[in-house]
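Note: hydrogens, waters and symmetry copies are ignored here, and every other heavy atom, side chains too, is used.
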2 protein chains.
Amino acid sequence: MAMREMQEMCEAQRGTIVREALERIGDKWTLLVVGMLETGPQRFTVLRQRVPGISQRMLTRTVRHLERDGLVSRTVYSEIPPRVEYELTDVGRELLPPILAMADWALANSDRVEESRRAYDESAAQLAAAKQ
Amino acid sequence: MAMREMQEMCEAQRGTIVREALERIGDKWTLLVVGMLETGPQRFTVLRQRVPGISQRMLTRTVRHLERDGLVSRTVYSEIPPRVEYELTDVGRELLPPILAMADWALANSDRVEESRRAYDESAAQLAAAKQ
DNA sequence: CAGTATCCTGGACGATACTG
DNA sequence: CAGTATCGTCCAGGATACTG
């Protein structure tokens, strides 16, 4: 087998691993929830308030998946009323810098993206009109 | 209005912007495609080979969305056979460091995540068995 | 408070066939 | 080569109601 082929295989392997990881955390809520756990342990309800628009069901699902993957720990305090706290594990916390960097990127570029999108749609509309 | 309420509103605003941005780029392929454009302009077919498992249709959709949002530029060379190259714009390139950091995280922690998941499923199975 | 349980819908995604 | 068109599936995610 040629060296180039081997390199391509390795590259594909890496790509697959990265893709699978991104599939885990690349849904609508996961990164946002992890980001909101930046400041320390959070209770379910507080977390729900901090993540704008998330439903109870989706928050439950998201933290369950994060717990399953070992990014978040779940601590139940046997009180009445019950109290549950979620906290990033070490693995989860290592993901924090890239997430925060992406959040910064989003805040810094949201208007530029918006504008690009508007311009794209407009020229697409003109093209469609020209066809008629 | 109290200061605390204002802060919470700002936080929710930021969260919404970030969420919308993550919705754009947080699908199955987008981050991966951006990452694969790290090394410079790429032709459609080459890109398809570098992104393991993507279908032609999804690659087309993904680069279209990236172009619309202004993260990727699309250049058509009027040759026969036709040649099209995709390249990151400045905005897109600014997203590269966080993406590559997340990719590194994925490569470094994939086995730990795998193990955590296995353990979680096993104890969940035991709990289910105990209920019977 | 912190969840389940259930139902439902839109759209993400894949497979296949066709084309300038 | 770099797409478009069409069809079909699946499930993420929302809404609502209920509970230890």
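- The Y86(A) side chain lies nearest to dG3(C) when the options are dC13(C), dG3(C), dC1(D).
- Separating the CD atom of E79(B) from the P atom of dA2(D) is a distance of 10 Å, rounded to the nearest angstrom.
- Summarising the geometry, atom CD1 belonging to I25(B) is positioned 5.0 Å from atom CG belonging to L95(B); distances are rounded to the nearest 0.5 Å.
- One interatomic measurement links the two molecules: CG of L59(B) to P of dT4(D), which rounds to 11 Å at whole-angstrom precision.
- Rounded to the nearest 0.5 angstrom, L37(B) CG and S73(B) OG are separated by 9.0 Å.
- Distance E85(B) CD to dC1(D) P: 14 Å, rounded to the nearest Å.
- Here the side chain of P81(A) is nearest to one of dG13(D), dC1(D), dC1(C), namely dC1(C).
- Regarding F44(A), its CZ atom lies at a distance of 8 Å from the P atom of dA2(C), rounded to whole Å.
- Comparing dG3(C), dA2(D), dG14(D) by their closest approach to the side chain of V84(B) singles out dA2(D).
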* To do: Let me have DNA chain D in dot-bracket notation, would you? Count Watson-Crick plus G-U wobble pairs, both distances under 3.5 Å, and use [ ] for pairs crossing earlier ones and | for inter-strand partners.
  => ||||||||||||||||||||

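- A straight line from CG of L32(B) to C1' of dC13(C) spans 15 Å, rounded to a whole angstrom.
- Using a 4.0 Å heavy-atom criterion, one finds that Y77(A) contacts no nucleic acid atom at all.
- Between R74(B) and dG3(D) there is a side-chain N or O to OP1 or OP2 distance below 4.0 Å.
- At dG14(D), one or more side-chain N or O atoms of S55(A) fall inside 4.0 Å of OP1 or OP2 (strictly under the cut-off).
- Taking the side chain as every heavy atom from C-beta outward, L96(A) and V34(A) approach each other to under 4.5 Å.
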What N/O pairs connect the protein and nucleotides 10-12 of chain C at under 3.5 Å? Give each pair on its own line.
residue, atom, partner, partner atom, Å
dA12(C), OP2, R61(B), NH2, 3.0

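- We find that CD1 of I80(A) is positioned 15 Å from C1' of dG3(C), with the value rounded to whole Å.
- Between E20(B) and R24(B), none of the side-chain N atoms (NZ, or NE/NH1/NH2) sits under 4.0 Å from a carboxylate O, so this pair counts as no salt bridge.
- The shortest side-chain heavy-atom distance between R64(B) and Y120(A) falls under the 4.5 Å cut-off.
- At the phosphate of dC1(D), neither OP1 nor OP2 sits under 4.0 Å from any side-chain N or O atom of R43(B).
- Counting any heavy atom pair closer than 4.0 Å across all strands shown, R64(A) reaches sugar-phosphate atoms only and no base atom.
- Base contact: Q56(B) has a heavy atom under 4.0 Å from a base atom.
- For the pair I54(B) CD1 and dA2(D) P, the computed distance is 14 Å after rounding to whole Å.
- Closest of all the heavy-atom pairs between V18(B) and A106(A) is CA-CB, 4.3 Å.
- Following rounding to the nearest Å, E23(A) (CD) and dC13(C) (C1') show an atom-to-atom distance of 11 Å.
- At dA2(D), one or more side-chain N or O atoms of T45(B) fall inside 4.0 Å of OP1 or OP2 (strictly under the cut-off).
- A donor-acceptor distance shorter than 3.5 angstrom exists from the side chain of D27(A) to the backbone of T30(A), with no hydrogens or angles considered.
- Checked against salt bridge (charged side-chain N to carboxylate O under 4.0 Å, His left out), E115(B) has the following partners two or more places apart in sequence or in another chain: R118(B).
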